[in-house]
Amino acid sequence: MERAVFFEGGKKAFWHTTSHIMAHAVKRLYPDVKLAIGPATDTGFYYDFDTATPLTMEDLKKIEKEMKRIIKEGLKLEKFSLPRAEALELMKDEPYKIELINELPEDEEITFYKQGDFVDLCAGPHLEKVSEVKAYKLLSVTGAYWRGSEKNKMLQRIYGVSFVNQEDLEAHLTALEEAKKRDHNKLGRELELFTTSEYIGQGLPILMPKGARVIQVLQRFVEDEEERRGYQLTRTPMMAKSDLYKISGHWNHYRDGMFIMGNEDDKEVFALRPMTCPFQFQAYLTKMHSYRDLPIRYNETATLFRNEASGEMHGLIRIRQFTLAEGHIVCTPAQLEEEFKGCVDLAVFMLTTLGLDEDVSYRFSKWDANNREKYIGDPDEWESVQNTMREILDHLGIDYKEADGEAAFYGPKLDIQIRNVHGKEDTLITIQIDFQLAERFEMEYTDADGTKKFPYILHRSSLGCYERTLALLIEKYAGAFPTWLAPVQVKVMPISEKHFDYAKSVENALKAQGIRLENDTRNEKIGYKIREAQKQKIPYMLVVGDKEEEDGTVAVRSRKEGELGAIALDAFIEKISREIKTKAR
RNA sequence: GCUGUUGUAGCUCAGUCGGCAGAGCACUUCCUUGGUAAGGAAGAGGUCGGCAGUUCGAAUCUGCUCAACAGCUCCA
């Protein structure tokens with residue numbers, strides 16, 4: 001993207017103009033199509049159309065050709081504005097534009113851009129003439145709801161991208177192809193980290209030995225670190241009676257997302273847990289607590305179940321059963337800031353260790369005051385807690401953006417967001433302030449003055465859910481995990497059968513140090529074994545033949561450093577052990 | 001859930017007009033015993049995603065369904 005040279009006015013104007021050219025072409029080819037909206041995005045542009053029949057990839061080719069003609073015509077873009085009545089008259093055949101005009105504030109200027117016989121309601125800015133757009137590509141056509149609401153009609157959205165020259169376009173398309181090669185959903189299967197089965201179902205991945213190994217390493221790392229930071233591990237049930245969720249509010253506010261067993265007529269209805277909070281709360285409730293006991297930090301490696309809609313699943317990123325590095329902190333108001341900071345510190349520590357710290361962004365997820373039925377609790381309290389949270393975030397010096405309507409139903413969140421190879425943003429880690437559930441569950445503590453009070457509860461994760469984190473690590477490292485995470489750290493490769501015994505002794509020496517390895521004793525040439533180990537992105541290959549056997553060495557080939565030559569076995573073990581211990585990247 | 005695309009061997013993919021199910025890699029066996037990204041030969045491997053329908057005959061046409069992919073909505 002950096003390579004592209006854009007017309008003055010920025011790439012947004014450039015792309016926005018391209019979207020007008022596309023809409024112009026669509027109108028010429030399909031006059032009955034109604035125009036919705038067509039903005040520039042961070043990575044290109046799109047336009048939404050209301051069409052009688054869905055558009056196909058064939059249509060996109062036709063539209064691209066028509067765009068070429070329009071660009072050749074060298075039309076100028078002219079801006080003009082109209083009084084409301086005339087604007088409505090001009091757009092009388094465009095119901096979506098009329099809806100937009102009617103919603104503009106009274107005093108707002110209603111502006112249009114015109115290029116030849118094509119006019120669009122638009123605030124601009126735009127390029128001066130369409131011929132500035134030298135290279136473009138329509139990438140995909142998909143459905144998109146009018147105004148982003150599933151209650152509205154589904155429109156046809158065409159995505160595209162454009163540049164000032166063909167070279168930049170080619171480079172961009174190549175970069176998109178390269179990104180796809182890192183796609184965890186493809187790479188993760190190729191590297192035998194996970195698979196899926198249509199007999200098991202959507203959103204229910206099978207973690208293969210290698211994928212399960214990576215997650216085991218991560219899990220041990222998380223649990224050890226959390227123990228060090230004063231957490232106490234719980235293991236709570238994966239299902240509960242509906243009674244529990246009725247108290248927590250999940251029954252009313254999260255029911256669509258839950259797997260419920262049985263129906264209302266049954267004496268007892270059970271549901272798989274979508275969250276761990278009410279379960280860990282039961283642990284707190286086993287006895288009376290003094291303010292002196294707080295904060296109490298519970299953690300759990302918690303498998304959760306959420307009934308995602310069928311179209312929402314994606315690889316290991318959105319699934320129906322996943323395991324969260326979960327935890328809840330019960331604390332006093334005075335401890336809230338300190339505990340919150342502790343959660344952020346832990347999350348940042350995890351991200352830094354994994355090498356993901358530079359790839360995340362922070363989102364302060366607030367409630368939507370206009371959509372109160374989605375949340376529980378008092379509006380004033382919401383505002384007050386959100387203000388407290390904003391103060392804490394400001395004290396932390398985090399660069400965050402605020403987002404309305406993204407809060408949990410019981411409180412505001414700090415979401416640590418990350419983008420996948422397709423540019424789609426997902427929450428990796430979340431830290432939430434809950435000022436409501438303690439009261440619902442009657443979780444009290446006795447304060448210094450002898451009165452009973454309700455604590456704050458922090459719902460937090462330290463590195464998110466293991467499956468999603470694994471997915472993003474696959475994409476981050478293109479499958480070439482740092483040695484400490486690699487499912488297979490070393491491949492021992494005897495040159496021929498003569499060296500199998502020595503290879504076995506190397507294997508045993510490494511295994512004794514807890515190093516994960518495979519010993520390739522297949523009847524293949526060394527070049528073949530190396531090629532395969534390279535494709536599997538194994539950090540270290542140890543070639544052993546006559547020379548090595550004689551000297552007690554291994555010929556090391558490092559994924560990162562290339563050929564290192566013959567090294568004494570002990571020296572290699574020391575080298576790799578240090579690398580693993582320091583979690584080097 | 002919605003819109004679109006796609007499902008043929010473990011993987012990547014051919015398969016024309018409805019007429020015997022194909023290739024490369026991987027796998028097995030044998031030969032080869034080797035020095036840093038594919039040694040050679042032979043063999044085995046298929047409910048053509050599934051279920052119905054049309055037809056003398058379906059991988060191919062139709063319907064339903066399951067799954068995967070991109071997006072929308074939703075979300076860790």
Side-chain angles (χ1 to χ4, degrees), chain A residues 46 48 51 53-57 59-60 139-159 180 183 185-186 189-190 192 195-203 254 256-257 274-275 302 304 306-320 322-326 365 405-406 408 413 415-418 422 424-430 432 459 461 463-469 471 493-500 522-535 541-548 555-557 562-566:
Chain A
Y46 66 82
D48 287 349
T51 62
T53 53
L55 296 166
T56 64
M57 292 306 281
D59 292 315
L60 293 197
L139 298 168
S140 60
V141 53
T142 70
Y145 298 108
W146 167 238
R147 321 207 83 170
S149 168
E150 62 186 328
K151 294 187 185 84
N152 293 334
K153 183 166 185 185
M154 179 159 271
L155 309 172
Q156 295 284 304
R157 174 174 297 178
I158 302 177
Y159 282 94
K180 271 191 203 155
D183 187 339
N185 208 0
K186 188 165 168 53
R189 290 169 197 269
E190 279 170 13
E192 297 181 3
T195 187
T196 47
S197 159
E198 64 179 292
Y199 296 106
I200 292 179
Q202 263 195 306
Y254 206 82
D256 287 348
M275 298 175 190
L304 305 178
R306 297 186 187 177
N307 192 5
E308 304 290 350
S310 64
E312 286 161 4
M313 261 75 75
H314 171 59
L316 289 179
I317 287 182
R318 278 294 287 285
I319 50 184
R320 284 183 168 149
F322 56 93
T323 299
L324 190 68
E326 173 78 294
S365 298
E406 297 288 347
K413 313 190 281 178
D415 291 321
I416 304 182
Q417 304 290 104
I418 189 159
H422 296 107
K424 193 179 158 78
E425 190 178 278
D426 273 300
T427 301
L428 191 61
I429 295 174
T430 180
Q432 313 171 350
H459 303 233
S461 182
L463 103 167
C465 83
Y466 289 96
E467 294 86 349
R468 181 176 286 186
T469 301
M493 302 189 294
I495 298 268
S496 80
E497 275 174 33
K498 284 188 297 188
H499 313 109
F500 282 7
R522 290 175 305 168
N523 180 10
E524 295 291 350
K525 286 193 169 175
I526 198 68
Y528 185 89
K529 293 181 181 179
I530 286 170
R531 177 183 155 81
E532 205 157 278
Q534 197 79 30
K535 278 167 63 180
M541 299 178 217
L542 303 184
V543 177
V544 293
D546 287 339
K547 280 182 284 178
E548 289 76 19
V556 180
R557 183 174 164 135
E563 273 188 64
L564 300 179

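Basis for what follows: all heavy atoms, side chains included, without hydrogens, waters or symmetry-related copies. First the proteins, then the strands, lettered A, B, ... as listed; each starts at 1.
Pair assignment for U36(B): none, as no Watson-Crick or G-U wobble contacts are both less than 3.5 Å. U5(B) is paired with A68(B) under the Watson-Crick or G-U wobble criterion, all donor-acceptor distances under 3.5 Å. Shown here, G43(B) forms a base pair with C27(B); the pair counts as Watson-Crick or G-U wobble because both key distances fall under 3.5 Å. Using N1 to N3 plus N6-O4 or O6-N4 for Watson-Crick, or N1-O2 and O6-N3 for G-U wobble, each under 3.5 Å, A21(B) pairs with nothing. U60(B): no Watson-Crick or G-U partner with both key distances under 3.5 Å is found in any strand.
Nearest to the side-chain atoms of Val543(A) among the listed nucleotides C2(B), U36(B), A70(B) stands U36(B). Set against U73(B), A67(B), G35(B), the side chain of Glu312(A) has U73(B) as its closest nucleotide. Taking the side chain of Glu198(A) as heavy atoms from C-beta on, and the options G35(B), C66(B), C75(B), the nearest nucleotide is C66(B). Of the listed nucleotides (U36(B), A38(B), G34(B)), U36(B) has the atom at the smallest distance from the side chain of Ala555(A). Set against A26(B), U12(B), G71(B), the side chain of Tyr528(A) has A26(B) as its closest nucleotide. For Glu563(A), the listed nucleotide lying nearest its side chain is U36(B); candidates were A76(B), U36(B), C27(B). In this structure, of G1(B), C75(B), G39(B), it is G1(B) that holds the atom nearest to the side chain of Tyr145(A). When distances are taken from the side chain of Tyr159(A) to each of G71(B), G34(B), C75(B), the shortest belongs to G71(B). Counting only heavy atoms from C-beta on, Ile526(A) has its side chain closest to U36(B) among U36(B), C75(B), U33(B). Closest to the Arg318(A) side chain, of the nucleotides C72(B), C74(B), A70(B), is C74(B).
As judged by a 4.0 angstrom heavy-atom cut-off over every strand, Lys151(A) is placed among residues making no nucleic acid contact. Note on Asp546(A): a base of the nucleic acid sits closer than 4.0 angstrom, heavy atoms only. Across all strands, Ala309(A) comes closer than 4.0 Å to base atoms (heavy-atom distances). Using a 4.0 Å heavy-atom distance criterion, Lys424(A) is classed as a base contact. Counting any heavy atom pair closer than 4.0 Å across all strands shown, Gly311(A) reaches a base atom. Gly545(A) comes within contact range of at least one nucleobase, with a heavy-atom separation under 4.0 Å.
Scanning atom types as modelled, one donor and one acceptor separated by under 3.5 angstrom connect the side chain of Glu308(A) and the base of A76(B). Remark: the Glu497(A) side chain and the G34(B) base include no donor-acceptor N/O pair separated by less than 3.5 Å.
Between Lys180(A) and the phosphate of A70(B), there is no side-chain N or O to OP1/OP2 separation shorter than 4.0 Å. Phosphate contact (OP1/OP2 of A70(B), side-chain N/O of His314(A), threshold under 4.0 Å): present. In this structure, His422(A) reaches the A70(B) phosphate: one of its side-chain N or O atoms is under 4.0 Å from OP1 or OP2. Between G4(B) and Gln156(A), no contact under 4.0 Å exists linking OP1 or OP2 to a side-chain N or O. Listed pair Arg557(A) / A37(B) meets the phosphate criterion, a side-chain N or O lying under 4.0 Å from OP1 or OP2. At the phosphate of C72(B), neither OP1 nor OP2 sits under 4.0 Å from any side-chain N or O atom of Tyr46(A). Between Arg522(A) and C27(B), a side-chain N or O to OP1/OP2 separation shorter than 4.0 Å is present. Checking the phosphate oxygens (OP1, OP2) of A37(B), no side-chain nitrogen or oxygen of Lys525(A) falls inside 4.0 Å.
No hydrogens or angles considered: nothing links the side chains of Thr427(A) and Arg468(A) as a donor-acceptor pair under 3.5 Å. Side-chain atoms of Tyr159(A) and Arg157(A) include a donor-acceptor pair closer than 3.5 Å.
Between the CD atom of Glu524(A) and the C1' atom of G40(B) there is a distance of 11 Å, given to the nearest Å. The distance between atom CG of Leu428(A) and atom C1' of C75(B), rounded to the nearest whole Å, is 14 Å. The separation between Arg147(A) atom CZ and C2(B) atom P is 24 Å, rounded to whole Å. The distance from atom OH of Tyr199(A) to atom P of G50(B) is 8 Å, rounded to the nearest whole Å.
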- prompt: Which is it for Trp146(A) and Met154(A) under the side-chain contact (heavy atoms from CB on, under 4.5 Å) test, yes or no, and what are the steps along the way?
  reply: CA-CA 6 Å; Trp146(A) 167 238; Met154(A) 179 159 271; over 6 Å; no

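For the pair Val141(A) and Asp59(A), the minimum side-chain heavy-atom distance is 4.5 Å or more.
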